[in-house]
Asker: 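Structure incoming, see below.
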Amino acid sequence: MEEELQEHFVTVLRQCVDNGMKLPFIVCAISPNGSALVMRINDGRGPDTLAQHFEDYAFKTPVHITVVDHHGEAARVVITGGAISYQ
């Protein structure tokens with residue numbers, strides 16, 4: 001599950017770039033089991049973890065992700081099972 005979630009996460013970030021959002025991004029992922037991850041995504045560097053907490057060592061679906069870009073534009077995404085929903 002975690003590997004699939006990571007792949008979805010990369011897909012979400014690529015879609016944000018394709019939609020014209022500008023780096024750096026602040027990304028917040030929240031799971032209903034209480035797991036949360038906040039990162040700063042920069043161009044050409046690995047992500048900087050700003051905050052994290054994991055319940056049961058995992059995220060449970062649905063995972064809600066908010067991405068905010070350099071200009072304050074925001075995207076909201078929900079990952080449920082194998083599907084990604086942009087809202």
Side-chain angles (χ1 to χ4, degrees):
M1 176 63 183
E2 288 302 312
E3 189 171 306
E4 180 182 359
L5 188 57
Q6 288 176 349
E7 290 174 15
H8 287 319
F9 197 77
V10 169
T11 300
V12 166
L13 295 177
R14 283 189 184 134
Q15 186 64 46
C16 288
V17 170
D18 291 347
N19 288 345
M21 294 179 75
K22 303 294 181 194
L23 293 168
F25 295 153
I26 300 297
V27 181
C28 181
I30 303 166
S31 172
N33 72 341
S35 293
L37 178 63
V38 180
M39 298 185 305
R40 183 170 195 245
I41 309 292
N42 297 295
D43 193 17
R45 290 184 15 195
D48 296 318
T49 301
L50 303 176
Q52 65 181 6
H53 174 78
F54 299 105
E55 288 290 329
D56 303 323
Y57 306 101
F59 276 86
K60 303 292 184 201
T61 58
V63 176
H64 294 262
I65 300 173
T66 301
V67 181
V68 180
D69 81 348
H70 177 74
H71 298 293
E73 294 295 320
R76 182 170 177 262
V77 180
V78 179
I79 299 173
T80 304
I84 300 174
S85 170
Y86 296 88
Q87 302 178 349

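Because only heavy atoms are used, hydrogens play no part in the values below, and waters and symmetry mates are left out as well, while side chains stay in.
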Asker: Output every pair passing salt bridge (charged side-chain N to carboxylate O under 4.0 Å, His left out) with a member in residues 37-52, not counting sequence neighbours, ordered by first then second residue.
Answerer: Arg45-Asp48
Asker: Please walk me through it: do Val12 and Tyr86 pass side chain to side chain contact (heavy atoms under 4.5 Å, CB included)?
Answerer: CA-CA 9 Å; Val12 166; Tyr86 296 88; 4.1 Å; yes
Asker: How long is the gap from CG on Asn42 to CG on Leu23, to the nearest 0.5 Å?
Answerer: 7.5 Å
Asker: For residues Met39 and Phe9, determine if any side-chain heavy atom of one lies less than 4.5 Å from a side-chain heavy atom of the other.
Answerer: yes
Asker: Using a 3.5 Å distance criterion without hydrogens, assess whether the side chain of Asp56 forms a donor-acceptor pair with backbone atoms of Ala58.
Answerer: no
Asker: As a quick check of understanding, evaluate side chain to side chain donor-acceptor pair (under 3.5 Å) for Glu55 and His53, giving each step before the final call.
Answerer: CA-CA 7 Å; Glu55 288 290 329; His53 174 78; 2.6 Å; yes
Asker: Going hydrophobic residue to hydrophobic residue with side-chain gaps under 4.5 angstrom, can you get from Ile65 over to Phe54?
Answerer: yes
Asker: Please name the residue in the list Asn19, Asp18, Thr11 that meets the side-chain hydrogen bond (donor to acceptor under 3.5 Å, both in side chains) test with Gln15.
Answerer: Asn19
Asker: Let me check something: do Val68 and Ile84 share a hydrophobic cluster, defined by ILVMFWY side-chain heavy atoms less than 4.5 Å apart, either directly or through other members?
Answerer: no
Asker: Check whether Ser31 reaches the backbone of Val63 with its side chain - one donor and one acceptor, N or O, closer than 3.5 Å.
Answerer: no
Asker: Identify the two heavy atoms, one from Pro32 and one from Pro62, that lie closest to each other, and give their separation to 0.1 Å.
Answerer: CD-O, 2.9 Å
Asker: Would a single hydrophobic cluster contain both Leu13 and Val17, if residues Ile, Leu, Val, Met, Phe, Trp and Tyr are joined by side-chain heavy-atom contacts under 4.5 Å?
Answerer: yes
Asker: To the closest 0.5 Å, what do you measure between CZ (Phe59) and NE2 (His8)?
Answerer: 14.0 Å
Asker: Out of curiosity, His64 NE2 to Ile30 CD1, how far, rounded to the nearest 0.5 Å?
Answerer: 8.5 Å
Asker: Do Val38 and Ile26 come within less than 4.5 Å of each other through their side chains, counting heavy atoms only?
Answerer: yes
Asker: Taking Asp69 for the side chain and Met21 for the main chain, is one N or O donor matched with an acceptor at less than 3.5 Å?
Answerer: no
Asker: Please tell me if the side chains of Val78 and Gln87 come closer than 4.5 Å, counting only heavy atoms from C-beta onward.
Answerer: yes
